[in-house]
Amino acid sequence: MAGPFVASLRVGGEEVRGCLADLSLDLLRRCEPVRTPGVYQRQRHMPGRWFSTTAGRFLEYESLLERDWMLLMDFDREVDWICEQPLRLRYVKDGKPASHVPDLLVWRQGAPELCDVKSQERLEDPVFRAQVEATGVACAEAGIGYRVLSEPDRQLLANVRWLVGFRERPPDPDGERARMLARSATGSCTIAELMSGSREPMLARPVLMNLLWAGDALLDVSVPIGEDSVVWARLQVAG
């Protein structure tokens with residue numbers, strides 16, 4: 001691979017082009033998708049749209065795997081911005097012009113990170129490997145993070161798929177939100193224990209699930225969620 005690695009972005013509907021290492025973080029933060037996923041007969045992937053609470057808009061995905069990662073990034077409290085198909089990276093490969101459009105640009109803990117999403121069975125595809133090599137070099141030069149994402153942990157995905165159903169803050173006529181946060185802030189407790197103190201469990205449970213989705217209350221999402229799942233507040237009250 002040979003540089004310079006030139007990035008083409010869309011900002012405010014206009015094309016902006018420059019060396020990736022020279023682009024400002026403010027410009028990257030304001031970028032828009034440079035292309036829309038194609039739809040055609042007999043295509044291998046299933047494109048669609050995912051409403052991202054992080055981005056505050058519909059994101060266009062090219063595969064269900066990409067949609068799953070959009071969901072997980074919405075759940076990830078370290079991610080505060082997402083853009084799909086964020087830029088086209090141009091470079092030289094074997095003396096010929098080449099280009100690649102990474103799948104996602106996310107802002108994680110205040111820093112940009114480009115991501116490519118690829119199924120496990122296609123990770124070793126020679127064309128993709130060449131794109132990964134070029135993108136990795138370009139990101140290293142620019143001081144930008146870069147990751148290749150494949151199939152996520154199944155249990156994690158199952159749990160987050162459940163919790164996303166509660167991402168809209170539900171009515172809370174009995175003040176369960178404050179009660180459960182206060183209880184979990186004094187020490188960890190189980191879902192069953194939190195529910196046992198509720199006035200109306202049918203109304204309290206959606207409130208708890210929303211707290212878990214929003215990250216105000218936490219639990220281990222690597223194992224199945226059940227009544228014995230231990231919940232704790234993001235911030236603990238010193239005893």
Side-chain angles (χ1 to χ4, degrees), residues 33 37 39 43-86 101-109 111-125 128-129 131-132 135 145-170 180 184 188 190-192 194-195 205-234:
V39 179
Q43 66 186 125
R44 295 182 58 184
H45 301 298
M46 185 178 295
R49 305 175 77 204
W50 168 260
F51 185 81
S52 167
T53 52
T54 303
R57 65 177 178 86
F58 283 100
L59 303 179
E60 305 256 0
Y61 58 81
E62 293 187 287
S63 68
L64 296 182
L65 181 59
E66 194 171 312
R67 180 203 61 188
D68 288 344
W69 277 106
M70 290 176 177
L71 163 61
L72 292 174
M73 288 174 179
D74 267 350
F75 181 70
D76 189 339
R77 298 305 112 202
E78 293 183 351
V79 174
D80 61 22
W81 190 79
I82 307 172
C83 181
E84 79 281 31
Q85 318 293 322
V101 179
D103 293 312
L104 299 167
L105 172 61
V106 303
W107 230 256
R108 182 182 299 279
Q109 294 184 317
E113 179 182 81
L114 282 171
C115 302
D116 274 309
V117 179
K118 192 70 67 175
S119 63
Q120 190 70 35
E121 64 181 13
R122 300 187 62 198
L123 287 178
E124 298 306 319
D125 176 83
F128 178 64
R129 294 311 307 170
Q131 293 170 342
V132 167
T135 307
Y146 177 58
R147 285 198 299 165
V148 176
L149 305 171
S150 195
E151 282 79 3
D153 178 81
R154 290 185 179 183
Q155 188 59 63
L156 168 65
L157 183 59
N159 286 337
V160 177
R161 280 175 174 169
W162 165 256
L163 292 175
V164 74
F166 302 92
R167 62 182 176 180
E168 294 295 328
R169 188 164 174 167
M180 289 189 284
S184 57
S188 58
T190 66
I191 288 178
L194 287 173
M195 290 297 100
R205 192 173 296 274
V207 174
L208 175 58
M209 295 299 113
N210 175 256
L211 289 172
L212 294 170
W213 165 262
D216 296 318
L218 307 173
L219 83 173
D220 185 355
V221 290
S222 68
V223 296
I225 298 175
E227 293 302 291
D228 60 347
S229 295
V230 175
V231 177
W232 63 94
R234 178 185 293 176

Any non-hydrogen side-chain atom of Pro33 less than 4.5 Å from a side-chain atom of Cys83? yes
Using side-chain heavy atoms (C-beta onward) and a distance below 4.5 Å, is Leu123 in contact with Val132? no
Close side-chain approach of Leu105 to Trp81, heavy-atom, < 4.5 Å: yes
What distance separates Asp216 CG from Asn210 CG, expressed to the nearest 0.5 Å? 7.5 Å
Roughly how far, to the nearest 0.5 Å, is the CD atom of Gln85 from the CG atom of Leu59? 10.5 Å
Checking Glu124 now: which residues fulfil side-chain contact (heavy atoms from CB on, under 4.5 Å) with it, not counting sequence neighbours? Arg129
Rounded to the nearest 0.5 Å, how far apart are CG of Leu218 and CH2 of Trp232? 6.0 Å
Residues that Ala111 engages under side-chain contact (heavy atoms from CB on, under 4.5 Å), provided they are two or more places apart: none
With the side chain counted from C-beta on, respond yes when Thr54 and Met73 share a heavy-atom pair under 4.5 Å apart, and no when they do not. no
Counterpart residues, salt bridge (charged side-chain N to carboxylate O under 4.0 Å, His left out), relative to Arg169 (two or more places apart): none
Under the side-chain hydrogen bond (donor to acceptor under 3.5 Å, both in side chains) rule, collect the residues that match up with Arg49, sequence neighbours excluded. none
Any chance you could measure Leu72, atom CG, to Leu149, atom CG, to the nearest 0.5 Å? 9.5 Å
Considering residues at least two apart in sequence or located in another chain, which fulfil the side-chain hydrogen bond (donor to acceptor under 3.5 Å, both in side chains) criterion with Glu113? Arg108, Arg147
Any chance the side chains of Asp103 and Tyr61 put a donor and an acceptor closer than 3.5 Å? no
Walk me through whether Leu71 and Leu157 qualify under side chain to side chain contact (heavy atoms under 4.5 Å, CB included). CA-CA 9 Å; Leu71 163 61; Leu157 183 59; 4.1 Å; yes
Value rounded to 0.5 Å, distance of CG in Leu194 from OG in Ser229: 11.0 Å
Indicate yes or no: at least one non-hydrogen side-chain atom of Val207 is less than 4.5 angstrom from one of Pro170. yes
Applying side-chain hydrogen bond (donor to acceptor under 3.5 Å, both in side chains), can you list everything that pairs with Arg161, at least two apart in sequence or on another chain? Asp68
With sequence neighbours excluded, what pairs up with Glu151 under the salt bridge (charged side-chain N to carboxylate O under 4.0 Å, His left out) test? none
Hey, does Met180 have a side-chain heavy atom less than 4.5 Å from the side chain of Met195? yes
Between Arg205 and Phe166, does the side chain to side chain contact (heavy atoms under 4.5 Å, CB included) criterion hold? Intermediate values first, please. CA-CA 10 Å; Arg205 192 173 296 274; Phe166 302 92; over 6 Å; no
Which heavy atom of Trp69 sits nearest a heavy atom of Ser150, and at what distance? NE1-O, 2.6 Å
OG of Ser188 to CG of Leu219, rounded to nearest 0.5 Å, is 11.5 Å
All ring pair (Phe, Tyr, Trp, His ring centres under 6.0 Å) counterparts of Phe75, not counting sequence neighbours: Trp213
Apply side chain to side chain contact (heavy atoms under 4.5 Å, CB included) to the pair Ile191 and Ile225, showing each step before the final yes or no. CA-CA 9 Å; Ile191 288 178; Ile225 298 175; 3.9 Å; yes
Quick one: list whatever passes ring pair (Phe, Tyr, Trp, His ring centres under 6.0 Å) with Phe128, sequence neighbours left out. none
Restricting to non-hydrogen atoms, name the atom on Ile82 and the atom on Ser52 that form the minimum distance, rounded to 0.1 Å. CD1-OG, 3.9 Å
Given Trp50 and Asp74, is the side-chain hydrogen bond (donor to acceptor under 3.5 Å, both in side chains) satisfied, shown in steps? CA-CA 10 Å; Trp50 168 260; Asp74 267 350; 3.0 Å; yes
Step-by-step salt bridge (Lys or Arg N to Asp or Glu O under 4.0 Å) determination, Glu62 to Lys118: CA-CA 11 Å; Glu62 293 187 287; Lys118 192 70 67 175; over 6 Å; no
Under the side-chain hydrogen bond (donor to acceptor under 3.5 Å, both in side chains) test, which residues partner Trp107, sequence neighbours left out? none
Test side-chain contact (heavy atoms from CB on, under 4.5 Å) applied to Gln155 - qualifying residues, sequence neighbours left out: Asp153, Ala158, Asn159, Pro224
